[in-house]
Amino acid sequence: MKKERVVIIGNGVAGITTARHLRKRSDASITVISAESKHFFSRTALMYIYMGHMRYEDTKPYSDDFWVKNRIDLLQASVQQVITEKKQLILQDERIIPYDKLVLATGSKTATYGWKGMELEGVQGLYSLQDLRQMELNTQGVKQAVVVGGGLIGVEMAEMLHSRGIQVKFLIREDRFWGSVLPQEEGNLIGRHLSKEGIELRYQTELDEILGDRRVTGIKTESGETIACDFLGICTGVKPNVAFLKDSGIKIDRGILVDEYLQTNLPDIYAVGDCAQLIQPQSGRKAIEAVWYVGKMMGEVLGATLSGQKTKYQPGQWFNSAKFFHIEYQTYGEVPSKPIPGMASLYWEDEKQEKAIRLVYEEASEKLLGLHTLGIRLKHEQCDEWLNSEIRLTKLIPNLQLANFDPEFYKDPFPDIQHAFNTYLSRSES
Amino acid sequence: MNINASIALSNGPPVSLNFFQKLGATLGTIGLLILFISLTSFQLSPTSVWLVLALTALASGIVIYAWGLYGRRSAGIQNDGVWFKSSSNRGLLAWISGIALTAFYILLYFYPEVLGLREGDNVGIIALFDPLSQLLSGNPASQWFVYGALYTLCIAFFGVKFYWKYRHNRYQKLRTLSVIFFQTAFAFLIPEFMARLNSDGFSLPYYDLKNIWPLNYYNFYGYRVDEFISAGSIGTAMLIFGVVSILVITPLLTYFYGKRWYCSWVCGCGGLAETAGDPYRHLSDKSLSAWKVERWVIHLVLVFVVVMTAAVVYSFLHDDPSKYWLGPDAFLIALSCLLSLVFALVWIFRRNELKSDVRIAAPAILLVILGLVGIHYLFDQRLFYFDPYKLREWYGFLIGAVFSGVIGVGFYPLLGSRVWCRFGCPMAAILGMQQRFFSRFRITTNGGQCISCGNCSTYCEMGIDVKAYAQKGQNIVRSSCVGCGICSAVCPRGVLKLENKADTGASRYAEKPITFGNGEVKLNP
């Protein structure tokens with residue numbers, strides 16, 4: 001019998017995890033196609049290449065012989081079209097690749113909002129390896145940069161530019177850093193940290209127009225202010241990279257619509273990672289979650305399904321992490337950016353304003369709903385267990401230390417935290 | 001758009017030095033220049049003034065340079081531009097410093113007369129250090145004194161630099177204070193002061209108490225054993241301490257804390273690697289083939305040192321049996337029993353952890369050693385067939401000088417700072433086996449938080465591909481891990497933690513599920 005031919009478009013974490021987990025369970029022929037690079041690299045590590053912490057080859061999670069050993073064929077090519085009726089892909093060089101099952105793991109693209117001057121030299125987003133190379137060229141000799149978009153990619157780009165001695169003005173739409181995710185105090189804390197590092201933050205400022213003839217010379221904000229710059233980073237978010245599927249018959253909304261098995265409207269075609277949009281996401285979760293961990297989890301699930309072990313995508317408790325210059329961030333469960341009726345939270349911050357923790361709970365029952373930290377490492381397993389068991393605050397607070405994952409000899413912040421929370425709770429009871 | 005990514009992306013901007021870095025570099029160069037001039041026929045006098053000048057210039061140069069580099073930056077990971085700098089990316093500066101260091105080691109080990117060593121009054125750089133040696137021990141300097149003094153200076157002041165670099169990390173700070181202390185006190189000062197106690201009728205061997213056999217491969221040579229014994233009860237106590245160090249103290253501490261208690265908190269080789277060698281830690285080879293070479297080479301060096309020491313000890317016990325309490329036969333029987341016991345323990349309790357080549361090589365080597373002992377008795381052949389003093393000479397030359405010094409330190413700027421510790425040190429091999437099989441120490445990984453970025457592997461000086469474990473959610477239990485803690489420090493997602501909580505037995509090696517709660521998927525089928 002001929003081996004089943006599985007073709008995966010995209011060699012990011014979602015596509016590659018699918019391939020790996022399929023290979024663990026099946027003997028199918030696996031081909032991974034990517035226009036971006038021959039080998040899988042860690043997208044989240046792009047910033048470290050620019051900053052000189054690592055070389056490109058250091059960011060590859062598997063050595064190059066891994067793919068041969070695991071019989072995963074890699075093809076560096078750009079897919080132009082998917083002919084679903086014939087189960088064929090057409091590449092840019094007009095080669096035809098047949099498939100039995102197709103996995104779309106095409107990731108994201110920088111989202112832009114039709115600003116005038118987008119085409120100018122020195123204006124770019126940061127998502128791909130090509131973007132990074134572009135940035136290397138675009139920032140030669142640059143003195144002043146503007147970064148638009150106060151989120152994760154924005155702060156990474158600010159740090160990258162800062163590492164090269166480039167002055168950065170950081171335009172943020174909300175009144176605080178990453179206001180769509182971080183509550184006020186945490187946003188302020190990170191904002192202060194960035195200022196201390198020498199980043200100039202402009203809150204409630206939005207881009208209106210990009211100025212310059214051939215190369216960017218500045219920008220105009222919505223309030224009419226002009227800011228001079230010779231590099232402009234567009235970090236206003238990402239959107240699924242699905243344009244090439246327009247006439248394929250695969251249903252697309254913002255992303256590729258998939259059911260709980262990550263299957264599209266067509267049989268034998270699946271989508272995972274940034275480009276996938278769940279028709280029915282789990283409660284409290286978004287339809288598109290463009291983060292590393294979601295791509296990895298979806299890949300694990302789809303790898304099993306493709307091997308014949310049909311498996312639902314049930315991602316469990318939300319978690320994520322990031323690092324803002326020198327401050328690490330970890331989050332577990334639900335931590336809303338603004339107050340929500342019925343939910344309350346306890347917040348603690350250290351004197352130096354470098355560490356913080358927030359516990360979010362259901363007001364009536366005092367059940368834990370979520371928690372996150374800045375500058376304190378938490379043990380994932382422990383947090384997950386607390387959230388699953390819906391632990392009550394009174395039981396949680398005395399045991400917070402169990403989740404401490406800071407390196408040895410670090411000052412234990414939990415006694416202070418427990419003292420503060422207990423004092424607050426006993427006061428509010430009386 | 002297709003690009004060949006590995007070429008375009010590694011060209012950073014020119015990295016310029018700030019004022020303090022330039023000042024520090026200038027002072028350091030002046031210090032080196034004085035040392036260099038002392039090597040020529042040009043007479044620097046008075047030597048004490050020039051020595052103080054040279055050492056002060058070196059020390060202050062390092063500290064001022066470090067201040068320029070880290071002083072005004074906020075605390076945190078300081079790896080910006082590491083791969084852009086010629087000194088740390090195997091560029092021209094790295095080659096120049098590598099060649100200079102190697103040349104120094106060659107002179108030190110093989111041509112000390114070029115450095116100025118003389119039977120009568122020293123000349124050259126050794127004469128320059130005479131005043132300091134006189135001050136400490138009352139004796140003129142030797143090439144080893146010069147080396148020890150410069151070595152200690154490097155650990156102390158590059159230690160300051162390292163402390164500054166990692167000032168946000170208490171584990172790193174304490175560890176650095178510890179290596180500075182052990183180097184300055186135990187390796188440098190105490191042996192010199194001990195030499196002061198010597199008189200005509202009483203002489204202690206030069207003994208760095210923390211330098212344990214087999215790193216200190218000559219510790220049980222006949223002449224040293226005689227020195228120990230002739231120094232009365234203090235000497236005997238030191239000899240016993242030397243034996244207890246390797247047989248009792250080492251396994252105990254390694255059981256509780258991993259080999260790091262020695263390799264990155266106490267040891268002088270480790271101390272230099274962690275301080276002066278820190279800028280080169282990312283140059284270690286992470287490939288699988290390097291690991292394969294490492295496993296064989298380091299363990300063969302261990303076999304070499306065991307056989308060589310056994311032959312030497314047996315030979316002097318044998319030649320003059322009336323002198324020693326221990327008879328040569330008792331020694332050989334005890335040694336054979338000890339080796340068999342260690343082998344049996346590993347075989348019984350950790351057999352599943354042995355790779356297929358080890359399952360053949362380990363019993364084979366044990367059988368060869370025991371067989372040679374048997375042949376010695378049955379057929380009255382020379383023990384191990386070789387002249388013990390030839391073995392000793394070869395070990396001293398190949399391992400003691402060339403491997404640990406010339407290659408180990410000379411090639412810092414090209415191969416990374418732990419080449420000796422990783423490929424050659426027999427002490428590290430013993431500690432490594434204990435750590436791998438009978439220790440509570442491991443690096444735990446944090447659930448699904450790993451983003452496979454590669455910082456941990458890149459900055460692992462031992463060439464361990466840390467992320468290969470982290471992205472699988474597996475503990476890092478590797479014999480080579482020296483527990484420096486840098487992987488945990490550079491991790492941007494808080495994934496790695498060095499731990500020595502209670503031993504969890506077999507689960508210490510298991511792969512755990514990573515992305516918790518991800519439905520019905522068995523994550524590691």
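Values below: all heavy atoms of this structure, side chains included; hydrogens, waters and symmetry mates excluded. So you know, we letter chains A, B, ... as the sequences are listed, proteins then strands, and number each from 1. The model shown is predicted, which means the values in this text are computed figures rather than measured ones.
Chain B forms more heavy-atom pairs under 4.5 Å with one residue of Ile327(A), Val13(A), Asn320(A) than with any other, namely Asn320(A). The most heavy-atom pairs under 4.5 Å with chain B, out of Ser63(A), Gly165(A), Ala322(A), Ala45(A), come from Ala322(A). When each of Asn500(B), Thr458(B), Asn79(B) is scored by its heavy-atom pairs under 4.5 Å with chain A, the top score falls to Asn79(B). Ranked by heavy-atom pairs under 4.5 Å with chain A, the list Gly454(B), Ser287(B), Ala489(B) is led by Gly454(B). With respect to chain A, the highest number of heavy-atom pairs below 4.5 Å among Val490(B), Asp80(B), Leu288(B) belongs to Asp80(B). Taking Phe409(A), Phe405(A), Trp292(A), Phe325(A) one by one and counting their heavy-atom pairs under 4.5 Å with chain B, the maximum is reached by Phe405(A). The most heavy-atom pairs under 4.5 Å with chain B, out of His53(A), Arg377(A), Glu408(A), His326(A), come from His53(A). Ranked by heavy-atom pairs under 4.5 Å with chain A, the first of Ser457(B), Ser488(B), Ala468(B) is Ser488(B). Taking chain A as the reference chain and counting heavy-atom pairs below 4.5 Å, the highest number among Val82(B), Ile77(B), Asn169(B) is found for Asn169(B).
Residue contact with chain A, scored on non-hydrogen atoms closer than 4.5 Å, involves the backbone and the side chain of His168(B) alike. Looking at Glu385(A), neither its backbone nor its side chain comes within 4.5 Å of chain B, counting heavy atoms on both sides. Looking at Leu496(B), only its backbone comes within 4.5 Å of chain A, counting heavy atoms on both sides. Heavy atoms closer than 4.5 Å to chain B are found nowhere in Phe40(A), neither backbone nor side chain. Interface remark: Tyr48(A) contributes side-chain atoms only to the contact with chain B (heavy atom separation under 4.5 Å). Of the two parts of Lys467(B), only the side chain, counted from C-beta on, holds a non-hydrogen atom closer than 4.5 Å to a non-hydrogen atom of chain A. Contact annotation for Leu498(B): both backbone and side-chain heavy atoms come within less than 4.5 Å of a heavy atom of chain A. Using a 4.5 Å cut-off between heavy atoms, Val495(B) touches chain A through its backbone atoms (N, CA, C, O) alone. Leu137(A) does not touch chain B: none of its heavy atoms, backbone or side chain, sits under 4.5 Å away. For chain B, no part of Asp65(A) is nearby; none of its heavy atoms comes within less than 4.5 Å. The contact between Thr59(A) and chain B is made by backbone and side chain atoms together, counting heavy-atom distances below 4.5 Å. For a residue to count as touching a neighbouring chain, one of its non-hydrogen atoms must lie under 4.5 Å from one of that chain's; by this rule Lys60(A) touches chain B with the backbone only.
Applying the salt bridge (charged side-chain N to carboxylate O under 4.0 Å, His left out) rule to pairs touching residues 446-459 of chain B yields nothing, sequence neighbours excluded.
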Might you work through the salt bridge (charged side-chain N to carboxylate O under 4.0 Å, His left out) test for Arg164(A) and Glu136(A), ending with a clear yes or no?
CA-CA 11 Å; Arg164(A) 298 275 183 106; Glu136(A) 188 69 61; 3.0 Å; yes
Starting from the C-alpha separation in whole Å, work towards a yes-or-no answer on salt bridge (charged side-chain N to carboxylate O under 4.0 Å, His left out) for Arg418(B) and Glu274(B).
CA-CA 9 Å; Arg418(B) 286 273 196 177; Glu274(B) 294 294 339; 2.7 Å; yes
Where do Lys286(B) and Asp58(A) land on the salt bridge (charged side-chain N to carboxylate O under 4.0 Å, His left out) test, with the steps shown first?
CA-CA 10 Å; Lys286(B) 275 82 181 179; Asp58(A) 301 323; over 6 Å; no
May I have the step-by-step check of salt bridge (charged side-chain N to carboxylate O under 4.0 Å, His left out) for Arg295(B) and Asp357(B), ending in yes or no?
CA-CA 10 Å; Arg295(B) 295 167 71 229; Asp357(B) 57 346; 2.9 Å; yes
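Aromatic pair Tyr329(A)/Phe324(A): centroids less than 6.0 angstrom apart. Taking the six-membered ring for Trp and the full ring otherwise, Trp83(B) and Tyr56(A) have centroids separated by 6.0 Å or more. For an aromatic pair to be called close, the ring centres must be under 6.0 Å apart, and Tyr410(A) with Tyr171(B) fails this. Checked against a 6.0 Å centroid threshold, the rings of Tyr62(A) and His39(A) do not count as neighbours.
For Arg43(A) and Glu36(A), the salt-bridge test passes: some basic side-chain N is under 4.0 Å from an acidic carboxylate O. Lys296(A) and Glu300(A) are not joined by a salt bridge, as no carboxylate oxygen comes within less than 4.0 angstrom of a charged side-chain nitrogen.
At most 12 non-hydrogen atoms from other residues, nucleotides or ligands lie less than 6.0 angstrom from OH of Tyr257(B).
For the pair Arg440(B) and Phe256(B), the cation-pi test (distance below 6.0 Å, angle within 45°) is failed.
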